[in-house]
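Structure first, commentary second.
Protein chains get the first letters and strands the later ones, always in sequence-line order, with residue 1 at the start of each.
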There are 2 protein chains.
Amino acid sequence: MSQVQKLTTASLHRPGKKLTRTHAALLNALLELLDEKSFEQITIREITAKAGVGYATFFRRYQDKEELLHDLAAQEIRRLLTMTLPIVHAADTYASTLALCSFIWKHKKLWHALLTGGAAAILKEAYLQEALAACRDQADPSASLPIDLAVSVAIAGIVETLSWWLRQSNPPDVEAMAKTINRLAIRPVFEQDDLL
Amino acid sequence: MSQVQKLTTASLHRPGKKLTRTHAALLNALLELLDEKSFEQITIREITAKAGVGYATFFRRYQDKEELLHDLAAQEIRRLLTMTLPIVHAADTYASTLALCSFIWKHKKLWHALLTGGAAAILKEAYLQEALAACRDQADPSASLPIDLAVSVAIAGIVETLSWWLRQSNPPDVEAMAKTINRLAIRPVFEQDDLL
DNA sequence: AGCTTTATGATACAGTGTGTATCATAAAGT
DNA sequence: ACTTTATGATACACACTGTATCATAAAGCT
């Protein structure tokens, strides 16, 4: 937890770590800081300090805070998509949302940080991009809904629901949330728009 | 449009304006700036300059940019809610969403600014608060969905859909969007959750 | 091993925006 | 006319950012 490793002239920089120890240290530092405060309140100086990395070094890899968060978000979302993707493939949507909710619940601390406050917008954007890329392939041209709109609204609904879930003091169980997501975010996108 | 009124020692400050000319000037200045750039890029100095108001004066009324935007958002949303509220009362949801979309379309330039980028989060929050306040009264205790969650997801869906709409180069017409909002954001919240 | 290239740490620095404090003046209230 | 309040105009202390510089450690290459 105290990752502050003074690298003054100590014997770190093991040759074992192949690609950029710095990289991982920054991601990890941001992750830890997100547990303590909101993304907006975190400064680059804090991140580099906790990562045990020089301040200027940050800008050699990222342009700004947002880019680092986007990197972190993409990393976590890639795992999550393994759960979410089957939803799109329409096999068994309930099983998929259930898997999604279970996954979130297992890592609720992490996802609470990612889905709360200013971080949520960036995470949602990364989520949206990944989901869109995955959906465009098998997009149904005869669909009554533009694929971009459908995915945008579905993702927004999922993110909103999960965010609400993680903020509750007495949160519903995983099964209930899976049903809720299915009802509010997934089914509306797939069903026929017969009435009105 | 050039609202930059030099107030050096000119004969402004008409006694006619009763409550705080400054107040309105700031709101108006932000509104105009939102047409030129995104909310994040706007500085308080710019706002006060365009409003023809002293820089320090800003902080006598608002704590920060966000508070001013929240004020502006609340103002615009109050009008919009006159359209949206009937949706909740479940009389004729299509007529309500149609009214909502027509209203947005009529003021699309304004709402494009409010629903795009960093401003969207604050607007959504204001929208959510107003909608929640309006819904709590007649909340159905036997509902299968917590009222907070239902409204949150509905608002998120509406905002997401409208935002998508206003970003299109060849946007669908008002009727189509009303149907879409009805299908994606309104109906899912009200329907019975029979299956699964 | 010796030379070269690259990644880092450690500062220093300029630029920008924020929020507060101060003071004199104009507007409004009495 | 006297008092109170709102404003304009600065000035300032602060916090962050993003860039530049320089010396050093690590890694790669011959």
For [X], give me all partners under side-chain hydrogen bond (donor to acceptor under 3.5 Å, both in side chains), at least two apart in sequence or on another chain.
| X | answer |
| --- | --- |
| A:Ser163 | A:Arg167 |
| B:Asp71 | B:His23, B:Tyr62 |
| B:Arg60 | B:Thr57 |

[X] [atom1] - [N] [atom2] separation (whole Å):
| X | N | atom1 | atom2 | result |
| --- | --- | --- | --- | --- |
| B:Gln41 | C:dT18 | CD | P | 13 Å |
| A:Arg21 | C:dA7 | CZ | P | 14 Å |
| B:Glu66 | C:dG19 | CD | C1' | 14 Å |
| A:Leu26 | C:dG9 | CG | C1' | 13 Å |

Between the protein and nucleotides 18-22 of chain D, list the N/O to N/O atom pairs that are separated by less than 3.5 angstrom.
from   : atom 1 : to      : atom 2 : distance (Å)
D:dG18 : N7     : A:Tyr55 : OH     : 3.1

Under the salt bridge (Lys or Arg N to Asp or Glu O under 4.0 Å) test, which residues partner A:Arg136, sequence neighbours left out?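 A:Asp148.
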Determine whether the aromatic ring centres of B:Trp105 and B:Trp111 lie less than 6.0 Å apart.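 Here the rings of B:Trp111 and B:Trp105 have centres that are no less than 6.0 Å from each other.
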Checking contacts here: which listed nucleotide (C:dT18, D:dT7, D:dT17) is nearest the side-chain heavy atoms of A:Thr43? D:dT17
Phosphate OP1/OP2 of C:dG9: any A:Thr57 side-chain N/O under 4.0 Å: yes
Contact under 4.0 Å: A:Thr22 side-chain N or O vs C:dA7 OP1/OP2: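 Negative; the distance criterion is not met.
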For residues 95-119 of chain B, which residue pairs qualify under salt bridge (charged side-chain N to carboxylate O under 4.0 Å, His left out), counting only residues two or more places apart or in two chains? B:Asp35-B:Lys109
